[in-house]
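Here's the structure, in structure tokens; my notes come after.
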Number of protein chains: 2
Amino acid sequence: MTTTAEPRISARRQATRDRVLEAASSVFAERGFHGATVEDICDRAGFTRGAFYSNFSSKDDLVVELSRRHSEALVDRIRRAGKREHAGTDEVLRDVFAALADDSRSKERWLVLTTEFTLHAIRDPEARRAWAAQQRRVRDELVTVVDETVARQGLTMPIPTELFVRAAIALAQGSMTQRLVEPRSLAVGELERTVLPILLGVDA
Amino acid sequence: MTTTAEPRISARRQATRDRVLEAASSVFAERGFHGATVEDICDRAGFTRGAFYSNFSSKDDLVVELSRRHSEALVDRIRRAGKREHAGTDEVLRDVFAALADDSRSKERWLVLTTEFTLHAIRDPEARRAWAAQQRRVRDELVTVVDETVARQGLTMPIPTELFVRAAIALAQGSMTQRLVEPRSLAVGELERTVLPILLGVDA
DNA sequence: CGAATTGGATACGACAACGTATCGGATGCA
DNA sequence: TGCATCCGATACGTTGTCGTATCCAATTCG
């Protein structure tokens, strides 16, 4: 077994990698993967292309790392939201599904990036495998939280949790999308608040 | 009022425009707007860039025309599916919402293009206005069909038709997306078949 | 049938984005 | 403090894409 001894990344190096990644996520959200040039990203990060190619081998390389972080952050948010055991079902679920739509920075950036990653995954087989695995982790996390919460309240859902979660994701993303395209036509959370309780078997 | 006398487009010209547009929609679906070069499109259409610039002023010009056709075709499909008055509610609705996901050519292309248009609209204010108007027409068409069908059966929906339609769109697109990313994880129509009847107030 | 017009092909110059090879300042270490 | 290494900046040449200016064939029309 040839375990390539990872040449330890210095703190300095890690810092510039982080800055580049952060810049990239903002530029990608603004212009899309193809629309973003390496120079755009470097400009925003305050570096030159030299720095970029010293840290990453290509834009694709960047995308892989970025999508990984993107999903990891989401799983974390879901997990944290699910921990509030004192709250009632509806509160917990609201928090959990708010997490789907809420990045501490900006919902818009988050949704656009998610969509970009998805398109990228549809087009590139390798990216697809990675993205599929990440999506599955997100769903699994949601299933766990929903099951726990629902069980605590002794509810019985009219549909399997997995399908409920898939529906919830679709609704959250769909309503965000509709709101971004037609800002004043749909109140924040209206769609989810109307539909999800029905799918939980609650009259609410 | 200066009504610029439209210089009538010849049949030949219209034919090449059509071929270019068809090629563009296929290339856009494969590589995205930014990823597609004018030359890519011309190659696929069997023309040179000379022909392109003789017919369109830019790639953006193309996108506008294309998104218009895209939505028009969808409205048509919905309208046709809604006309089958002999069928039962569930059949009609299945057909109608299948129309959401079904282009005679390819569902995949249709979904990807819809997503590309949406991203484009989020980024470009002018494109947004056009796309928002088109989305509204699609929804209105769906609301009409659903109302008619539901009324014919004397059902009462637990939520307003408009919200039902928005949810149905989100679910259809979400499930298609999930299926494209993780092909074997969700059966075709499973999500919609499970959720929509509940939202219609049917036990099914 | 011949002249005028239309419509696409060809050929060109400009430029933007890429990736690399090299340089020089900062940083870590003895 | 002096040396070695790291890492980002600079400065290329290369390529891909654009948009236009011009040419030539096909079509239209008198």
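Chain letters run A, B, ... following the sequence lines, proteins first and then strands; every chain starts at 1.
Going from atom CZ of A:F56 over to atom P of D:dC7 covers 13 Å, rounded to whole Å. Regarding A:K59, its NZ atom lies at a distance of 13 Å from the C1' atom of C:dA16, rounded to whole Å. Rounded to an integer number of Å, the gap from CZ of B:R49 to C1' of C:dG13 is 12 Å.
For the pair B:R12 and C:dG7, the criterion of a side-chain N or O lying under 4.0 Å from OP1 or OP2 is not met. Distances shorter than 4.0 Å separate some side-chain N or O of A:N55 from OP1 or OP2 on D:dG8. Contact annotation: B:S10 side-chain N/O to D:dT28 OP1/OP2 distance is not under 4.0 Å.
Contact annotation for A:S58: no contact, since no heavy-atom pair falls under 4.0 Å across all strands. Within the nucleic acid shown, A:Y53 comes within 4.0 Å of at least one base atom, counting heavy atoms only.
Here the side chain of A:T37 is nearest to one of D:dC7, D:dA9, C:dC18, namely C:dC18. Among the nucleotides C:dG8, D:dT17, D:dT10, the one closest to any side-chain atom of A:T48 is D:dT10.
Contact record, A:A170 with B:Q178: N-NE2, 4.5 Å, taken as the closest heavy-atom pair.
B:Q134 and B:R68 form no side-chain donor-acceptor contact under 3.5 Å, judged by distance and modelled atom types alone. Counted by atom type alone, A:D40 and A:T37 present one or more donor-acceptor pairs between their side chains at under 3.5 Å.
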